[in-house]
Amino acid sequence: PNARKCYEQVIKMRPEYSMVFNSKINLAVVFTPGDNVEKIRHELEKLAKDPKNEPFRDQIYYALAEMEYRNENINPALVNYRRSAQYSSNNNIQKAKSYMAAAGIYFDRNDYINAGTFYDSTMAYLPKTYSDYDAVSQKAKNLSELITYIREAEHQDSLQRVAKMSDGDRSKL
């Protein structure tokens, strides 16, 4: 709450643009349930549309995604993590963080195929110097192996369903 008040005070003082921009981004970062979500969302979306912020859209959408996630708006969070990654043209760490956040959501939902896809994307951009690189890499590898088994099980289930069909139904299929 104190950080939020400080960022709001900075904005009211009308300092140079970069201070206002960073304060608005950080308002979303320090967001807590009960804050005016609509106001913060509106400000961030307004920042994202402003052409002068084009180089920073990845950060704007990431902040928006983080706020949505903490507010338990999971689907909008996923959309904004994807947008963040999409707009990260020169910031591979931001792109990797966006992919990793989306991967984590899918993993928590037991959607291992989507989680694996996003972890693969994470690994494409995550520098080896990243502090948890080995853990993220191992998770991506484990998911890749699990996905192989999931797809094989789905394939076998499909074959067994076809095998149980009557000759006529199998011919129609």
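The shown structure was predicted, so the numbers you read here are calculated from the model rather than taken from an experiment.
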Are any of the side-chain heavy atoms of Ser98 and Asp58 separated by less than 4.5 Å?
-> no
For Glu8 and Lys5, run salt bridge (charged side-chain N to carboxylate O under 4.0 Å, His left out): C-alpha distance rounded to whole Å, both residues' side-chain angles, the deciding distance at 0.1 Å, then the answer.
-> CA-CA 5 Å; Glu8 289 171 346; Lys5 287 180 185 176; over 6 Å; no
Evaluation steps, side-chain contact (heavy atoms from CB on, under 4.5 Å), between Leu27 and Ile11 = CA-CA 10 Å; Leu27 275 173; Ile11 293 167; 3.7 Å; yes
For residues 156-173, please give each side-chain donor-acceptor pair under 3.5 Å, one per line with the distance, not counting sequence neighbours.
from	atom 1	to	atom 2	distance (Å)
Gln156	NE2	Glu152	OE2	2.8
Ser166	OG	Asp169	N	3.2
Ser166	OG	Asp169	OD2	3.3
Asp167	OD1	Arg170	NH2	2.7
Arg170	NH1	Val162	O	2.9
Arg170	NH1	Ala163	O	3.2
Arg170	NH1	Met165	O	3.0
Ser171	OG	Asp167	O	3.0

Shared hydrophobic cluster, Val10 / Ile60 (ILVMFWY, side-chain heavy atoms < 4.5 Å) = no
Going from CZ on Arg41 to CG on Leu64, what distance comes out if it is rounded to the nearest 0.5 angstrom?
-> 7.0 Å
Kindly write out the residues that satisfy salt bridge (Lys or Arg N to Asp or Glu O under 4.0 Å) with Asp50, not counting sequence neighbours, or none if the list is empty.
-> Lys52
Phe56 versus Leu47: any side-chain heavy-atom pair under 4.5 Å?
-> no
Got a sec, which residues hit side-chain hydrogen bond (donor to acceptor under 3.5 Å, both in side chains) with Arg83, two or more places apart in sequence or on another chain?
-> Asn80
Stepwise side chain to side chain donor-acceptor pair (under 3.5 Å) check, Tyr130 with Asp132 = CA-CA 6 Å; Tyr130 183 76; Asp132 287 336; 5.0 Å; no
CD-CD distance between Gln94 and Gln59, expressed to the nearest 0.5 angstrom = 6.0 Å
Are there more than 12 heavy atoms of other residues, nucleotides or ligands under 6.0 Å from atom OH of Tyr149?
-> no
Using the side-chain hydrogen bond (donor to acceptor under 3.5 Å, both in side chains) rule, collect all pairs that involve residues 20-29, keeping only residues at least two apart or in two chains.
-> Lys24-Glu43
Should side-chain heavy atoms under 4.5 Å link Ile, Leu, Val, Met, Phe, Trp and Tyr, which residues sit in the same cluster as Tyr99?
-> Tyr62, Tyr69, Ile74, Leu78, Tyr81, Ile105, Tyr106, Phe118, Tyr125
Would you check if Leu44 and Ile25 make a side-chain contact, meaning some heavy-atom pair closer than 4.5 Å?
-> yes
Donor-acceptor contacts under 3.5 Å from residues 133-141 side chains, at least two apart:
from	atom 1	to	atom 2	distance (Å)
Gln138	NE2	Asn142	OD1	3.0

Hey, could you give me the OG1/NZ distance between Thr122 and Lys95, rounded to the nearest 0.5 Å?
-> 11.0 Å
How about Asn53 and Tyr17: do any of their side-chain heavy atoms sit closer than 4.5 Å?
-> yes
Report yes if some heavy atom in the side chain of Ile40 is under 4.5 Å from a heavy atom in the side chain of Glu45; otherwise report no.
-> no
Hey, quick one: are Met100 and Val29 part of the same hydrophobic cluster, counting side-chain heavy atoms closer than 4.5 Å, chains of contacts allowed?
-> no
Candidate pair Asn114 and Arg109, rule side-chain contact (heavy atoms from CB on, under 4.5 Å), full reasoning = CA-CA 10 Å; Asn114 276 322; Arg109 289 178 156 187; over 6 Å; no
Would a distance-only check, ignoring hydrogens and angles, find a side-chain to backbone donor-acceptor pair under 3.5 Å from Arg57 to Gln86?
-> no
May I ask you to check whether over 12 heavy atoms, not counting those of Ile93, lie within 6.0 Å of atom CD1?
-> no
Could you state the interatomic distance from CG (Asn91) to NZ (Lys97), rounded to the nearest 0.5 Å?
-> 8.5 Å
